[in-house]
Amino acid sequence: MSIMTEMRDMALGLAARFAIPKVVGIVFPPFFPGGQPKDCEFMAMALEGGAGGISYVLIPDNLAAHYRALMPSWSSWRKILRSSSVARSFP
C-alpha cells in the first residue's frame, strides 16, 4: 500500500466519523530563493468554528512557481476574511 493510499484511507475514515470543518482562511509566507528566513517558515490556517493552526513549509527552489500559484491575491483574501466569522476584524 502506498503512502498516498494510506493517507487517503485515513482521511476518509476520519471524515466518516467526525464533522470536518471547512477551511475559511489560509496564509502562506512569501517565497525566498535559497531558503526561508526563520520568521517565514510557517503557514497558518483558520477553520470554520474558530480553530486554527500552523504548519512548517519546506519548499525547494525548483517548485517556487507552483508555490506562488497557491497564493491568491490580497483582494481575494479580504473577501474571504470579511465573509468569515473567524476574522471579522480584518480591514
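Asp61 places no side-chain N or O within donor-acceptor distance of the main-chain N or O of Pro33, the cut-off being under 3.5 Å.
Rounded to the nearest 0.5 Å, atoms CG (Leu58) and OH (Tyr56) are 5.0 Å apart. Note that CZ of Phe28 is 14.0 Å distant from SG of Cys40, once rounded to the nearest 0.5 Å.
Nearest approach of Pro29 to Val57, heavy atoms of both residues: CD-CG2, 4.4 Å. Nearest approach of Glu41 to Gln36, heavy atoms of both residues: OE2-O, 3.7 Å.
Between Phe31 and Tyr67, the angle of the ring planes lies from 30° to 60°, which puts this pair in the tilted group.
Between Ile26 and Met43 there is a side-chain heavy-atom pair separated by less than 4.5 Å. By the 4.5 Å heavy-atom criterion applied to side chains, Pro37 and Phe32 are counted as neighbours.
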>> Test side-chain contact (heavy atoms from CB on, under 4.5 Å) on Thr5 and Arg8; report intermediate values, then the result.
In response: CA-CA 5 Å; Thr5 302; Arg8 184 200 66 211; 3.8 Å; yes

>> Between Leu47 and Val23, is the side-chain contact (heavy atoms from CB on, under 4.5 Å) condition met? List the steps.
In response: CA-CA 4 Å; Leu47 301 177; Val23 174; 3.8 Å; yes

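Annotation: side-chain contact (heavy atoms from CB on, under 4.5 Å) contacts of Met7 (sequence neighbours excluded): Ile3, Met10.
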